[in-house]
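The structure presented is a predicted model; accordingly, all values stated were derived computationally and were not measured. First listed ligand is number 1; within each ligand, the first listed atom is number 1.
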Amino acid sequence: MFETLTKAPGDKILALMGEYAADPRPTKIDLGVGVYKDEQGATPIMTSVKKAEQKILSAGKTKTYLGIAGNKGYGAAVLDLVLADSVDRSRVRIAQAPGGTGSLWVLMQLVNRARPGATVWVSDPTWPNHNPIAENSGLQVKTYPYFDTETRGVKFAAMLAALDALGKEDVVLLHGCCHNPTGANLTPDQWDKVAASLARTGALPFIDLAYLGFGDGIEADAYGMRKILSSVPEALVAFSGSKNFGLYRERVGAAILVARDAAQADIAQSQLLNIIRGAYSQPPDHGAEIIRTILEDAELRAEWETELNAMRARMIRLREKLSEAIRQRSNSKDFDFIAAHRGMFSLLGLENSVVEHLKANNGVYMIGDSRINVAGIPEDRVGELADAMLAAIK
Ligand code: LMR
């Protein structure tokens with residue numbers, strides 16, 4: 001049977017992870033996969049997570065099935081965290097799903113049940129896994145303008161014009177905050193305009209919320225999404241707990257749907273649960289129980305927010321240090337955008353040959369499109385990294 005198959009393309013982000021791991025140079029620098037790193041280059045378990053796990057371990061009484069929608073306390077806590085009071089909960093349903101990717105997957109399947117073969121509009125560029133998830137669900141993918149390669153900001157007028165031209169059969173995938181891969185984000189005023197456009201055209205907003213709290217803080221990062229949810233009759237949100245809770249390998253996320261009214265929400269939710277049952281039956285509990293335990297306990301929640309704030313502050317500091325080091329050495333403001341970007345990533349706009357040169361000569365690993373994970377910048381070697389980048393560009 002397998003002779004009928006040809007080799008499938010690899011994923012460029014995960015392939016780079018393997019290449020980095022195999023590189024024996026002790027001086028190598030990992031700016032690749034989107035995983036948070038501390039001063040030591042480690043990705044430790046957050047203290048709030050450790051404490052929650054200890055509580056779970058001693059309080060746990062059963063490993064019986066959770067049910068298709070997953071951990072109910074987790075679902076309620078995530079809705080409070082993500083939505084606040086932006087939308088009447090009678091129109092909202094949630095199902096725990098395996099990571100942000102699993103949440104995107106089940107929601108794309110739901111879109112395809114409602115509108116078979118619909119077009120999902122994604123930003124140009126977007127996270128490389130968006131296209132396969134949509135296409136493998138039977139949907140078409142098209143792009144709307146987003147990143148301005150001159151200013152390294154958002155091409156907002158062109159983006160809005162493209163969104164204004166959509167109709168109610170279209171689906172618009174938006175990064176709720178911390179755009180991946182570019183690091184360029186909408187201002188609150190631009191979010192207001194996007195929300196008004198969606199309300200006018202009836203196109204369905206589908207928000208990928210993988211980095212809540214990594215940009216400017218939980219509330220600021222949720223602004224655009226909540227504005228949209230409060231402006232439109234229907235929407236989808238794929239939430240991930242991988243980054244903000246550091247639970248990457250636990251695969252914890254949530255698929256959220258907002259419907260016109262409670263009756264339609266029940267019908268849509270029944271389809272979502274039917275999709276999940278026919279795919280993996282029901283989600284695993286551990287990551288969800290950790291997040292529930294943290295969000296429901298005032299002390300643990302405060303501790304988690306402090307840790308999240310520290311991660312965010314460190315990423316902003318590393319952005320400032322790298323752009324400052326490049327400015328001092330090159331006497332130009334060409335890389336000042338790194339400090340203006342938010343979230344885990346910046347798209348540097350380097351030629352692929354420069355990216356390859358940095359990898360081969362300096363052991364500096366970034367994604368082929370020149371996306372860097374700013375959390376991977378070693379704080380005590382920022383000058384060395386700036387030197388390597390400037391030498392490679394010359
Ligand atoms: C990334 O963009 O690096 C992360 O979201 C990890 C992944 O799965 O691609």
Side-chain angles (χ1 to χ4, degrees), residues 8-21 28-38 41-43 46 97-108 122-137 141 143 146-147 173-185 206-215 221 237-255 287 308 311-312 315 318-319 338 341-350 352 355 358-359 364-377:
D11 178 274
K12 62 181 182 180
I13 296 175
L14 300 185
L16 193 75
M17 227 177 132
E19 263 187 79
Y20 176 82
K28 63 187 176 177
I29 294 177
D30 182 12
L31 308 179
V33 67
V35 170
Y36 180 80
K37 290 170 196 291
D38 65 10
T43 307
M46 291 169 83
T101 302
S103 308
L104 287 164
W105 171 265
V106 296
L107 289 173
M108 294 276 187
V122 302
S123 61
D124 177 24
T126 194
W127 182 49
N129 213 17
H130 280 150
N131 288 33
I133 296 169
E135 286 162 358
N136 292 341
S137 303
V141 178
T143 59
Y146 188 80
F147 192 57
L173 189 64
L174 295 153
H175 299 226
C177 61
C178 308
H179 188 269
N180 179 6
T182 69
N185 298 291
F206 186 155
I207 296 157
D208 184 352
L209 191 67
Y211 295 88
L212 183 66
F214 267 33
D221 290 355
V237 180
F239 167 79
S240 171
S242 296
K243 325 277 169 161
N244 40 20
F245 288 87
L247 288 170
Y248 308 88
R249 65 173 62 175
E250 299 298 351
R251 310 309 299 137
V252 56
L308 179 61
M311 292 198 283
R312 178 176 64 253
M315 288 187 281
L318 290 169
R319 288 182 174 283
I338 296 173
H341 284 169
R342 280 296 176 273
M344 202 166 219
F345 308 113
S346 269
L347 192 62
L348 299 185
L350 307 180
N352 186 255
V355 172
L358 280 165
K359 181 164 73 181
V364 174
Y365 284 73
M366 62 183 76
I367 310 300
D369 60 4
S370 74
R371 183 193 84 172
I372 60 165
N373 167 9
V374 295
I377 299 170

Value rounded to 0.5 Å, distance of CG in Leu31 from NZ in Lys37: 9.0 Å
For Met344 and Val35, work out which heavy atoms get closest and say how close. CE-C, 3.3 Å
For Asn180 versus Arg371, what's the shortest heavy-atom pair and its separation? OD1-NH1, 2.7 Å
Under a 4.0 angstrom heavy-atom cut-off, which atoms of ligand 1 come close to [X]?
{"X": "Arg371", "result": "1 (C), 2 (O), 3 (O)"}
{"X": "Ile13", "result": "1 (C), 2 (O), 3 (O), 9 (O)"}
{"X": "Val33", "result": "3 (O), 6 (C)"}
{"X": "Tyr211", "result": "4 (C), 5 (O)"}

Nearest protein heavy atom with distance in Å, relative to atom 4 (C) of ligand 1: Lys243 NZ, 3.1 Å
re atom 9 (O) of ligand 1, the protein heavy-atom contact at minimum distance is Trp127 NE1, 3.0 Å
I'd like to know whether the aromatic ring centres of Phe147 and His179 sit less than 6.0 Å apart in this structure. no
Can a cation-pi geometry be assigned to Lys28 and Tyr20, taking NZ or CZ under 6.0 Å from the six-membered ring centre and within 45° of the ring axis? yes
Are any of the heavy atoms in [X] under 4.0 Å away from ligand 1?
{"X": "Tyr248", "value": "no"}
{"X": "Met344", "value": "no"}
{"X": "Asn180", "value": "yes"}

Quick check: does any side chain N or O of Asn185 sit under 3.5 Å from a backbone N or O of Gly183, one acting as donor and the other as acceptor? yes
Flag the pair Thr43 / Tyr248 as yes when at least one side-chain heavy-atom distance between them is below 4.5 Å, and no otherwise. yes
